[in-house]
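Input: a single structure, listed below in structure tokens.
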Amino acid sequence: MTDAVLQTEQLGISFGGLKAVQNVNLTVKKNEIYGLIGPNGAGKTTVFNLLTGVYTPTTGTFFLNGEELRGKTQEQINRAGVARTFQNIRLFNNMTVVRNVMVGLANRPEYRCSLFTSLFRLPRHFKVEKAMRAKAKELLAIFGLLEERNQLACSLPYGKQRKLEIARALASDPKLLLLDEPAAGMNPQETAELMDTIRFVRDHFDMTILLIEHDMSLVSGICDGLTVLNFGTVLAQGSVSEVLHDPAVVKAYLGE
Amino acid sequence: MMSFFQKYKLKHYVNYAVIALFTLIFTILSLSGALHSSTQYLLEAMGISMILAVSLNLVVGLLGELSLGHAGFMCLGAYLGGKVASLLAPSLGESSPLTLLLSLAVGGVVAALAGLLIGLPALRLKGDYLAVVTLAFGEIVRVLFKNSGESFGGAQGLATPRFDRQTLFLWIFLSLLVCLFFLQNLMRSKHGRAITAIRDNEIAARASGVSVVKYKLLAFMLSSFFAGVAGVLFSFSQFNVRFDHFDYNYSIEILVMIVLGGLGSINGSLVAASLITFLNVKLADVLTGNLAILQDLVYALILILVIIYSNAPALKNFRERFNLRRLWGKIRKPKKADASVQRDDANDWAEIPTKIPMNEILSTDLSPVDSSVKARGDAPADREEDRHD
């Protein structure tokens with residue numbers, strides 16, 4: 001119990017009469033890569049939206065390292081240590097690669113710099129800007145994006161945009177990283193590369209990762225635990241091999 | 001020489017230097033009596049337009065919200081600043097800098113408060129919907145002052161003190177420098193980055209921990225503060241503030257300046273604002289009587305031509321051949337031969353593409369469905385899926 005980074009209790013939300021997600025109990029332990037799978041429309045992204053504060057749960061609650069985050073704003077939850085990527089890539093397209101990462105860095109306490117300091121360009125402003133840029137370059141180097149740092153984010157190829165999104169998410173120094181279909185639109189070779197990246201992120205940043213994915217080779221390759229959602233409820237939960245051989249899961253994916 | 005420029009990032013400060021030099025030359029001319037009063041008026045109008053354009057660019061070009069009420073903020077500043085000035089003038093003197101400064105403060109602060117008021121709906125509305133709110137705001141302010149009765153002059157307009165013509169444009173350009181100082185420093189800081197992040201992708205900005213509420217209100221307040229300042233200066237330059245000057249056409253005129261100058265580009269706004277104002281004032285001189293109506297036509301034609309020029313696919317080759325930045329690069333190339341190494345991005349401000357294509361802000365694709373997706377995250381799509389399953 002003590003090493004659970006993310007814990008949800010009876011998490012659920014309904015939009016009017018539609019119960020989009022109900023009674024989801026997840027426990028993600030430290031340094032785990034945990035998968036959330038399910039057929040289209042099962043409510044996976046809605047769970048992410050609940051965990052990041054886009055929606056407030058109508059039932060249940062969730063904890064990050066024991067701190068209850070229900071009802072907090074997206075900004076507060078991000079500061080508490082939850083960062084995410086998006087199913088359809090959302091970068092700051094008209095900004096350079098390095099600036100994308102610097103936006104993510106801005107909330108770290110060591111880069112605090114008041115509006116007043118910035119407006120009057122006091123010495124601290126220059127110190128913070130320099131430190132942020134150095135840190136951003138460090139992150140970009142890890143993801144092999146250093147060469148492209150002065151390009152516009154929208155000019156990057158697809159795979160690199162995915163990497164940049166992960167780099168930006170990591171910039172806020174999260175405790176839990178939520179990846180929404182990181183392998184979407186990738187070929188098998190890119191997917192293999194992505195699996196290495198995700199493992200590397202876990203080891204290098206000491207990260208706990210919750211990911212949504214449809215690519216079963218990726219899921220069975222890197223996930224330590226798995227939860228299957230169907231029609232907004234948990235269908236199966238447990239270790240990867242257990243869950244993927246569960247007759248109910250096979251039925252949900254392939255039909256009778 | 002190059003390294004000196006790079007070391008101190010002097011190109012960041014070129015626009016201050018150009019404006020300061022310009023001001024200095026004209027101050028000397030003015031004090032020596034060589035400046036015709038019509039030239040003085042032209043300079044004043046140009047300075048005021050530049051303040052307006054730069055401040056509107058903060059909201060439209062950097063925050064990415066279409067505001068059509070800039071003249072409304074200016075109107076508030078003009079009336080309140082003018083009122084304060086006419087109250088203070090008997091005791092402090094008509095041309096006292098103190099009168100001017102106090103009116104600037106009052107006009108600016110009141111406009112900033114109004115900016116806060118308009119910023120609040122901006123937290124929920126996007127695109128065309130917000131544009132309508134700001135448009136309405138501008139009209140409401142104008143009509144309020146029109147019907148204000150004695151205290152603000154009503155339909156007659158408010159008479160303001162006669163400030164010394166010799167030095168007024170100096171004050172206007174000083175205000176412009178202050179405005180540039182704050183807005184450029186904001187843009188070049190992490191706060192400015194957060195604002196452009198909101199423009200580029202609000203959902204991602206929220207998820208990255210950007211405080212959208214704070215930065216939207218900040219942008220609206222700063223922008224309207226300087227619009228208010230421009231209004232006060234305008235009231236000093238006119239001696240008489242009339243509500244009908246601040247109609248929505250004027251808001252759109254300011255918008256045109258920043259569209260021509262390039263959304264998000266401060267130097268572009270400065271150049272475009274001064275050119276358009278120059279043209280306007282000169283046209284008003286030339287086209288008198290029945291011809292005055294042509295002024296709007298000329299002006300609209302220029303706008304149409306520029307937009308065709310910058311967007312037409314047929315002109316692509318031509319644009320690329322006569323791209324100023326590219327030509328400049330060619331001229332400079334011999335000097336830069338050794339600098340083929342990738343330059344470090346500590347110096348990249350001038351090349352930061354804060355400029356964005358105007359269709360991204362002046363978007364026509366703003367159907368309610370689309371904006372609800374924008375405003376509420378990608379989840380509504382999920383709900384759709386849920387239903388179909």
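Numbers restart at 1 for each chain; the letters A, B, ... are given by sequence-line order, proteins then strands.
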Which portion of [X] sits near chain B, non-hydrogen atoms under 4.5 angstrom:
{"X": "A:F48", "answer": "neither"}
{"X": "A:L105", "answer": "neither"}
{"X": "A:A83", "answer": "neither"}

A:T45 and A:D180: side-chain donor and acceptor closer than 3.5 Å?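 Yes.
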
Interatomic distance, CD@A:E181 vs CD@A:Q87, rounded to 0.5 Å, equals 4.0 Å

Best-contacting candidate, [options], against chain B by heavy atom pairs under 4.5 angstrom:
{"options": "A:R79, A:M102, A:Q76", "value": "A:M102"}
{"options": "A:C113, A:G53, A:G104, A:A169", "value": "A:C113"}
{"options": "A:A171, A:S172, A:S114", "value": "A:S114"}

With salt bridge (Lys or Arg N to Asp or Glu O under 4.0 Å) as the rule and sequence neighbours excluded, what pairs involving residues 105-126 of chain A come up? A:R108-A:E110

Could you tell me whether the side chain of B:R188 reaches within less than 4.5 Å of the side chain of B:R193, counting heavy atoms only?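 Not in contact.
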
Heavy-atom distance under 4.5 Å to chain A: side chain of B:L218, backbone, both or neither?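 The side chain, not the backbone.
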
Report yes if the distance between the aromatic ring centroids of B:F73 and B:F226 is under 6.0 Å, otherwise no.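 No - the distance between ring centres of B:F73 and B:F226 does not fall below the 6.0 Å cut-off.
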
Best-contacting candidate, B:A205, B:A197, B:A207, against chain A by heavy atom pairs under 4.5 angstrom: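 The option with the most such pairs is B:A197.
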
Got a donor-acceptor contact below 3.5 angstrom from the A:R149 side chain to the A:L146 backbone?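 Present.
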
